[in-house]
Amino acid sequence: MIIDHPLLGPRDSAEFTYLGDASLLNRPDPDTATPKDWHDYAYLRDNPAGLHRELWFHEGGDRSWLVVTRNTVTHEITKVELARDVAHGLVSDVASMGTKRSGG
């Protein structure tokens, strides 16, 4: 399987380590999370058939973290993003949601 790294171009998946569901980037807020929130975050995972966003670590290369959108049935990769960009997007999305709730 070839992963098209956003900075380095096409790389063999053997250079990477699969690390699980990319929703792990969306951690509970430590100031407001309940024990149930932490339990769900740490232990509950979906096992989808079809498109799924996954964390991959470029262990054999630049040591970057990627979010790979992959079809778990066909293994077709449809999108590869730097995890830091995805994480920053989550922060921006959460911030804009707070603005909308406060009357913006």
Side-chain angles (χ1 to χ4, degrees):
M1 185 167 64
I2 301 297
I3 296 175
D4 193 7
H5 193 293
L7 302 175
L8 305 175
R11 315 302 290 182
D12 190 283
S13 63
E15 295 181 12
F16 297 83
T17 301
Y18 170 78
L19 295 166
D21 189 338
S23 68
L24 293 175
L25 292 173
N26 193 16
R27 288 184 213 146
D29 182 344
D31 296 328
T32 60
T34 65
K36 182 184 180 323
D37 294 334
W38 285 111
H39 172 273
D40 293 353
Y41 171 77
Y43 298 109
L44 299 183
R45 300 284 179 272
D46 291 331
N47 188 16
L51 286 181
H52 183 60
R53 294 178 80 204
E54 306 167 332
L55 283 174
W56 288 73
F57 179 63
H58 195 194
E59 187 172 19
D62 68 344
R63 306 191 65 74
S64 59
W65 291 77
L66 303 177
V67 174
V68 175
T69 303
R70 180 177 69 91
N71 186 317
T72 59
V73 176
T74 65
H75 298 292
E76 177 189 10
I77 294 174
T78 58
K79 189 172 187 180
V80 181
E81 306 164 272
L82 293 172
R84 69 173 182 228
D85 295 343
V86 173
H88 289 307
L90 287 173
V91 171
S92 298
D93 292 345
V94 170
S96 68
M97 286 172 51
T99 304
K100 289 176 185 172
R101 285 188 191 133
S102 62

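Positions are given from 1 along the sequence.
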Same apolar cluster: [X] and [Y], side chain cutoff 4.5 Å:
| X | Y | value |
| --- | --- | --- |
| Ile3 | Leu19 | no |
| Tyr18 | Leu8 | yes |
| Val68 | Val86 | no |

Output the distance between atom [atom1] ([X]) and atom [atom2] ([Y]), rounded to the nearest 0.5 Å.
| X | Y | atom1 | atom2 | answer |
| --- | --- | --- | --- | --- |
| Glu15 | Ile2 | CD | CD1 | 8.5 Å |
| Thr17 | Leu55 | OG1 | CG | 12.0 Å |
| Thr34 | Asp40 | OG1 | CG | 7.5 Å |
| Arg45 | Ser23 | CZ | OG | 6.0 Å |
| Leu66 | Arg11 | CG | CZ | 11.5 Å |
| Leu51 | Lys79 | CG | NZ | 11.5 Å |

| said: Tell me whether the rings of Phe16 and Trp56 are parallel (<30°), tilted (30 to 60°) or perpendicular (>60°). | reply: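 Taking Trp56 first and then Phe16, their aromatic rings stand perpendicular (interplane angle over 60°).
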
| How are the rings of Trp38 and Tyr41 set relative to one another: parallel (under 30°), tilted (30 to 60°) or perpendicular (over 60°)? |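 Geometry flag for Tyr41 against Trp38: perpendicular rings.
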
| task | Could you check if a side-chain atom of Thr69 sits within less than 4.5 angstrom of a side-chain atom of Ile77, using non-hydrogen atoms only? | result |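 The answer is no, as the side chains (C-beta and beyond) never meet within the 4.5 Å cut-off.
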
| field | Worked check of side chain to side chain contact (heavy atoms under 4.5 Å, CB included) between Trp65 and Leu25 | value | CA-CA 11 Å; Trp65 291 77; Leu25 292 173; over 6 Å; no

So which heavy atom on [X] is nearest to which on [Y], and how close?
| X | Y | result |
| --- | --- | --- |
| Asp4 | Pro10 | OD1-N, 3.3 Å |
| Val73 | Gly50 | CG2-N, 3.8 Å |
| Arg53 | Glu81 | NH2-OE1, 3.3 Å |

| message | Under a 3.5 Å cutoff, is there a donor and acceptor pairing between the side chains of His52 and Arg70? | response |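 Looking only at side-chain atoms, Arg70 and His52 do not form any donor-acceptor pair under 3.5 Å.
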
| request: Report, as yes or no, whether the 6.0 Å neighbourhood of atom CG on Asp29 holds more than 12 heavy atoms from other residues, nucleotides or ligands. | output: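 Enclosed.
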
| query | So Thr72 and Glu54, side chain to side chain contact (heavy atoms under 4.5 Å, CB included) or not? Walk me through it. | reply | CA-CA 10 Å; Thr72 59; Glu54 306 167 332; 4.2 Å; yes

| task | Evaluate the side chain to side chain contact (heavy atoms under 4.5 Å, CB included) criterion for residues Arg63 and Phe57: first the C-alpha distance (whole Å), next the side-chain angles of each, then the deciding distance (0.1 Å), finally the verdict. | result | CA-CA 6 Å; Arg63 306 191 65 74; Phe57 179 63; 3.9 Å; yes

